Structures are given as structure tokens and as C-alpha cells.
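Below is one structure, written out as C-alpha cells; comments come after it.
This is a predicted model, so every value here is computed, not measured.
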Amino acid sequence: MAWIQLKTGCQKHDADPLSDLLMDCGAQAVTFLDAADQPILEPGPGETPLWQDVVLVALFDAGTDTSATLENLARQPLWENTSHPEWEQLRDQDWERSWMDNFRPMQFGERLWIVPSWHQPPEPDAVNILLDPGLAFGTGSHATTALCLAWLEQAGLTGKTV
């Protein structure tokens, strides 16, 4: 299926209401991106922190009338709080496979590698765990997971069952 996306900037306090507005105008999904390379560290329980400057990326069906959609959005007072809206045509691709391009083998400690199944282990003689990223494990890059993997890498587990 072909898609188009609308990108626009906003401030943190407007992100949620603008997301709702975009969904009301036909967006199939809205993603929040960091507009200024501002790190967000580990949030506390129940927190959903956002960056001060946010880019909203709204995904629309390719048949959407972009002019009519922008006219409709421009009639909403909240839309005045956005900046630089621009449409972009997304090339059609195998979306289920394209996410895999972002995952590469990751090293933890000196000898341990987490290797997605579609890659060859970078060091065949190292400890290579063939594991695909997913909801339960993710990529291994989360701080808690990375610390556990670094501990496993140095732990004396020879002859033990883990």
C-alpha cells in the first residue's frame, strides 16, 4: 500500500492535542520525533516524557487530498502552533521486512554478541547469541538489558545451565 506523510514541528505541550487533530483529519498513525537532538533518559514509572521541540509525522493513505487536508487543518486554531508542514510521498516497500535493515549485531563486553538471524556473526569464535529483536527482548540496547548482557559476558558459566 502506498502512503504519504505530513511532517510538522510543534512544542511539547501541543504534541498530544495536535496528534488527536491529525487523527481526526484522517491520519492512520502519528509518530513523535525529537526535533533538536535532546536526550530523554530513563523515565520514571508512569512517565511519558517528550522533547521540548517535537516533529509530528502523520501517515495518510496515498489517495488523501493534501490540499483539502491542509485547508481543514489551517481552520483549526491549534494548527497555528505548528511549523513548516510538508508532505512527503513514501515509496512502496515491504514494510514487514524494511524494519530489519535497522538491526545489526551488537557487542556486549569483550566476547558476547547479539546477532539477528539474518546476519552472520561478526566474530565466529566469540559467544554469539542468535536472537531476533522483538517485543520481549528488543535489541539489547536498553540499559538494563545491556548491563545484564555485560554481566553474562564476564560470568563464569562454563558447564552451568542458565
Side-chain angles (χ1 to χ4, degrees), residues 1-23 27-61 81-162:
M1 178 174 212
W3 299 96
I4 53 174
Q5 67 183 14
L6 175 61
K7 285 186 177 183
T8 190
C10 72
Q11 294 291 299
K12 163 174 141 173
H13 60 275
D14 290 323
D16 280 327
L18 282 165
S19 174
D20 292 342
L21 176 62
L22 287 161
M23 294 296 284
Q28 301 297 305
V30 178
T31 303
F32 298 175
L33 301 175
D34 180 5
D37 196 25
Q38 177 187 14
I40 292 179
L41 304 175
E42 189 74 25
E47 292 179 354
T48 308
L50 274 180
W51 310 275
Q52 188 60 41
D53 297 307
V54 179
V55 174
L56 297 177
V57 181
L59 192 63
F60 290 85
D61 180 87
N81 299 344
T82 65
S83 60
H84 312 293
E86 64 182 55
W87 290 100
E88 179 183 356
Q89 183 77 36
L90 299 179
R91 64 179 170 81
D92 201 14
Q93 59 184 304
D94 182 355
W95 294 101
E96 290 180 18
R97 299 251 337 138
S98 66
W99 69 272
M100 295 168 67
D101 295 340
N102 296 316
F103 296 103
R104 305 261 182 262
M106 293 180 65
Q107 185 175 12
F108 297 89
E110 293 180 25
R111 306 176 302 123
L112 179 66
W113 286 85
I114 301 296
V115 183
S117 63
W118 55 89
H119 284 281
Q120 291 297 315
E123 292 183 32
D125 295 332
V127 177
N128 293 293
I129 300 175
L130 302 179
L131 186 63
D132 291 341
L135 295 177
F137 181 76
T139 64
S141 61
H142 187 276
T144 305
T145 306
L147 286 170
C148 289
L149 290 169
W151 178 86
L152 276 173
E153 188 268 340
Q154 58 82 34
L157 301 176
T158 303
K160 296 184 179 161
T161 302
V162 177

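For the atom pair OG1 of Thr8 and CG of Leu22, the computed distance is 8.0 Å after rounding to the nearest 0.5 Å. To the nearest 0.5 Å, the span separating CE on Met106 from CG on Leu131 amounts to 12.0 Å. Interatomic distance, CG of Asp61 versus CD1 of Ile4, reported as 7.5 Å (0.5 Å rounding). With rounding to the nearest 0.5 Å, the separation of CG in Leu149 from CD in Gln107 is 12.0 Å.
Checked against Val57 for a side chain to side chain contact (heavy atoms under 4.5 Å, CB included), the options Val54, Leu59, Val55 give a single hit: Val55.
Closest of all the heavy-atom pairs between Ser19 and Leu56 is N-CD1, 4.4 Å. The two residues Ile114 and Pro116 have their closest heavy-atom pair at O-CD, 3.9 Å. When all heavy atoms of Trp3 and Gln89 are compared, the closest pair comes out as O-NE2, 3.5 Å. The shortest heavy-atom contact between Pro105 and Gln120 is CG-O, 4.3 Å. Across Ala36 and Asp53, no two heavy atoms sit closer than the pair CB-OD2, 4.1 Å. When all heavy atoms of Ala126 and Trp113 are compared, the pair lying nearest together is CB-CD1, 3.7 Å.
Judged by distance alone, the side chain of Thr82 and the main-chain N or O of Gly9 form no donor-acceptor pair under 3.5 Å.
Applying the side-chain hydrogen bond (donor to acceptor under 3.5 Å, both in side chains) criterion to Asp14, with sequence neighbours excluded, gives Asn81. Gln52 is linked by a side-chain hydrogen bond (donor to acceptor under 3.5 Å, both in side chains) to Gln11, counting only residues two or more places apart in sequence or in another chain. Under the side-chain contact (heavy atoms from CB on, under 4.5 Å) criterion, Ala150 pairs with no residue at all, not counting sequence neighbours. By the side-chain hydrogen bond (donor to acceptor under 3.5 Å, both in side chains) test, Glu88 pairs with Gln5, sequence neighbours left out.
Sorted by first and then second residue, the salt bridge (Lys or Arg N to Asp or Glu O under 4.0 Å) pairs involving residues 110-126 (not counting sequence neighbours) are Arg111-Glu153. Contacts classified as ring pair (Phe, Tyr, Trp, His ring centres under 6.0 Å) and involving residues 30-52 (residues at least two apart or in different chains) are not found.
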